[in-house]
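Read through the structure below, which is laid out as structure tokens, and then see the notes.
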Amino acid sequence: MGKLLSIKYWYLIPLIYLGIFWNQYFGSEIVVYTIFLFGILLSVKSLSEGTLYFIIVLLLFDDFPFQAKENQIFNSIYTAKIFGQTITKLLSLWLFGLIVLKSFQTKKIIIGNLFSKIFLSLMIIGIIVGISSLNYKYAESFINDFRFFFNYIVGFGIVVYLLSEKKYFKSIFPLMTLIFLSKTIVLTGTAIILSNFGSILTIKAGTGSYLIIFVVCYLLYLLTERKYILYTSIGLFLTLGFLVLSASRGRIVITGLVIILYILTIRKTKYIPIIIAFTGIATIGIFFINPSLIDYLMWKITSFTPQKGSGQSSYVRFVEVSNILHQNFTSLKSFFFGNGLGGYWDSKYFEYPFDLKNTSSYPEEWILRDRYFKPHGIVQFLLLKVGFIGTLTFYGSCIYIFIKNFINFHKNQLLSKESTAFVAIIGAGLLPFYLIAFSAKLQLLGGVIVGIYYCYSKTLKIE
């Protein structure tokens with residue numbers, strides 16, 4: 001871990017990301033294919049090294065551009081295709097194949113902790129209900145819903161089967177942190193450059209930016225343990241500044257939530273003023289880059305309330321959850337089990353008060369048939385696919401893990417301070433993370449995070 005936080009890596013990883021960033025907009029897809037094929041060859045040579053390499057690649061690449069434009073060239077593993085399938089889909093299948101191979105070699109199946117057991121149970125229920133409801137007729141939606149669970153299985157499996165050695169899985173958090181900070185440095189530089197050519201309101205960040213909840217906790221862990229104080233302080237400044245640079249209500253809320261949960265877990269509330277100070281200094285720093293970024297942030301945090309007559313995303317989500325909950329509470333099957341994989345909702349109970357065709361919210365076919373298969377959020381997704389009870393059980397397991405770690409924090413420290421630190425970070429971050437894990441990238445990395453939790457928990461003999 002110390003080597004990963006050395007000065008060499010603080011310079012090296014930003015330079016690597018800068019090269020990838022440049023290639024995404026101005027380079028060639030050939031570079032992306034080369035990176036992918038090199039990983040395949042490396043994983044054949046060494047399962048663990050190849051798997052860690054692919055996790056780093058998943059973290060380094062962005063899944064959409066920071067400013068979307070018409071006919072935008074964007075060379076990423078999330079967009080480049082082979083035989084009509086994105087590299088990330090093929091990568092998931094490749095890694096799953098390695099997991100199956102390893103499970104045969106070890107002759108064991110690892111289900112995981114309480115969260116994993118509930119997660120897999122909901123997947124099975126979703127499949128059964130979906131098939132019994134004839135949702136397989138909507139094959140594309142059925143498969144896309146299954147991928148939510150499949151991505152988690154792959155992420156969890158590559159840690160517990162392929163990165164089971166401590167020297168590998170313990171390196172993921174430091175690497176995640178350095179990559180996140182590298183992206184923040186590059187995006188800050190981009191914001192400064194763009195500011196010289198006109199006013200910008202915000203910088204869009206890929207869905208990997210939601211890993212901020214684990215990054216900020218890891219940095220707080222280093223700060224409270226008085227490790228690498230200078231680098232940790234710089235990291236916290238950049239991380240909290242990122243919330244201003246790329247304003248998002250969801251990121252702000254979950255980051256605030258996870259900081260509170262983590263600080264409560266480790267009983268270090270005296271650090272709250274320090275966090276507030278870092279946030280204030282970072283905000284002032286962004287203000288000097290471009291005051292428009294602060295104006296946009298203020299608009300974001302003061303416009304939570306959905307407004308009728310507008311196509312804004314908050315009202316779309318409000319209509320979604322209203323219709324889905326109506327299904328849950330008017331059907332016993334939907335209340336307990338949901339509509340299953342491939343399930344959909346309509347707007348007969350609560351109509352959309354604006355023309356959806358002008359909002360790009362859903363495919364036109366869904367709008368014309370008034371059948372919507374994928375909502376804009378994981379909470380709505382779970383309510384629709386696995387029901388009200390299934391959703392409560394899912395989030396109840398996250399709360400259970402947090403409470404158990406909160407109660408046993410000091411006792412666990414006597415067994416292993418390092419294991420306790422990582423278990424506490426993930427225990428505090430799991431609920432906030434699964435409020436926003438809406439992309440395939442986050443779903444796969446969610447499995448990785450829970451896999452790390454499982455590996456460290458074995459040291460402490462906890463769920």
Side-chain angles (χ1 to χ4, degrees), residues 111-153 306 314-353 356 361-363 365-403 430-438 443 446 450 463:
I111 301 298
N113 59 2
L114 174 69
F115 179 83
S116 281
K117 291 170 184 174
I118 289 175
F119 197 96
L120 294 176
S121 297
L122 293 178
M123 178 189 73
I124 294 169
I125 291 171
I127 292 173
I128 294 172
V129 174
I131 292 174
S132 63
S133 301
L134 307 181
N135 292 344
Y136 53 80
K137 294 186 296 184
Y138 314 110
E140 184 177 355
S141 295
F142 193 99
I143 293 170
N144 285 335
D145 290 346
F146 176 73
R147 284 185 63 214
F148 170 81
F149 298 96
F150 178 75
N151 288 331
Y152 171 86
I153 292 170
S314 57
Y315 203 83
V316 168
R317 287 171 170 81
F318 175 71
V319 176
E320 285 177 354
V321 76
S322 298
N323 285 304
I324 293 169
L325 280 174
H326 179 259
Q327 287 186 348
N328 288 153
F329 287 104
T330 54
S331 166
L332 201 60
K333 183 201 78 171
S334 293
F335 182 78
F336 283 102
F337 308 114
N339 291 357
L341 304 192
Y344 60 87
W345 80 94
D346 58 42
S347 61
K348 292 176 183 176
Y349 169 70
F350 197 135
E351 294 184 356
Y352 293 90
L356 288 172
S361 298
Y362 310 102
E365 181 185 356
W366 295 7
I367 299 169
L368 293 173
R369 298 176 65 184
D370 193 29
R371 289 183 178 178
Y372 307 94
F373 295 88
K374 186 177 181 181
H376 294 80
I378 186 172
V379 177
Q380 301 97 298
F381 175 87
L382 290 170
L383 287 169
L384 176 65
K385 309 299 179 178
V386 299
F388 188 78
I389 297 300
T391 303
L392 285 181
T393 305
F394 179 88
Y395 287 111
S397 68
C398 296
I399 295 171
Y400 169 81
I401 287 172
F402 166 74
I403 292 174
L430 201 59
L431 175 61
F433 180 80
Y434 274 105
L435 292 174
I436 47 80
F438 52 87
Q443 290 152 15
V450 178
E463 272 288 309

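Here, residue 1 is the first one in the sequence, and each next residue gets the next number.
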Is it the case that the ring center of [Y] lies less than 6.0 angstrom away from the ring center of [X]?
X      : Y      : value
Trp366 : Tyr372 : no
Phe438 : Phe148 : no
Phe115 : Tyr434 : yes
Phe318 : His376 : no

Do [X] and [Y] have side-chain heavy atoms sitting under 4.5 Å apart?
X      : Y      : value
Asn135 : Ser141 : no
Arg317 : Val321 : no
Phe142 : Tyr138 : no

Sort out for me which residue in Tyr349, Phe388, Phe335 forms a ring-ring contact (aromatic ring centres under 6.0 Å, His included) with His326.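 Single ring-ring contact (aromatic ring centres under 6.0 Å, His included) partner of His326 among Tyr349, Phe388, Phe335: Tyr349.
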Within 6.0 Å of CZ in Phe373, more than 12 heavy atoms from elsewhere: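 Result for CZ/Phe373: enclosed.
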Look up atom [atom1] in [X] and atom [atom2] in [Y], then write down how far apart they are to the nearest 0.5 Å.
X      : Y      : atom1 : atom2 : value
Ile125 : Ile389 : CD1   : CD1   : 11.0 Å
Ser397 : Phe402 : OG    : CZ    : 14.5 Å
Asp346 : Arg369 : CG    : CZ    : 12.0 Å
Ile128 : Met123 : CD1   : CE    : 10.0 Å
Cys398 : Ile118 : SG    : CD1   : 8.5 Å

Could you pull out the closest heavy-atom pair between [X] and [Y], with the gap in Å?
X      : Y      : answer
Gly387 : Asn328 : CA-ND2, 4.1 Å
Tyr395 : Leu431 : CD2-CD1, 3.5 Å
Ile324 : Gln380 : CD1-O, 3.7 Å
Ile436 : Ile378 : N-CG2, 3.9 Å
Leu384 : Pro375 : CD2-CD, 4.2 Å

So does [Y] get a backbone contact from the side chain of [X], meaning a donor-acceptor N/O pair under 3.5 Å?
X      : Y      : result
Asn151 : Gln443 : no
Ser133 : Gly130 : no
Lys385 : Gly343 : yes
Thr391 : Leu383 : yes
Gln327 : Ser334 : no

The test is side-chain contact (heavy atoms from CB on, under 4.5 Å); show your working for Phe119 and Ile153 and say whether it passes. CA-CA 9 Å; Phe119 197 96; Ile153 292 170; 5.6 Å; no
Under the criterion side-chain contact (heavy atoms from CB on, under 4.5 Å), I'd like the reasoning laid out for Asn339 against Val129: C-alpha separation, chi angles, the key distance, then a yes or no. CA-CA 7 Å; Asn339 291 357; Val129 174; 5.7 Å; no
Could you walk me through whether Ser116 and Tyr152 satisfy the side-chain contact (heavy atoms from CB on, under 4.5 Å) test, starting with their C-alpha distance in whole Å, then the side-chain angles of each, then the deciding distance to 0.1 Å, before giving a yes or no? CA-CA 9 Å; Ser116 281; Tyr152 171 86; 2.5 Å; yes
Show, in sequence, the C-alpha distance, side-chain angles and deciding distance for Phe394 and Val386, and conclude whether the side-chain contact (heavy atoms from CB on, under 4.5 Å) test is met. CA-CA 10 Å; Phe394 179 88; Val386 299; over 6 Å; no
Using only heavy-atom distances, determine whether the side chains of Asp370 and Ser347 contain a donor-acceptor pair under 3.5 Å.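 Their side chains do contain a donor-acceptor pair, which is all the 3.5 Å distance test asks for.
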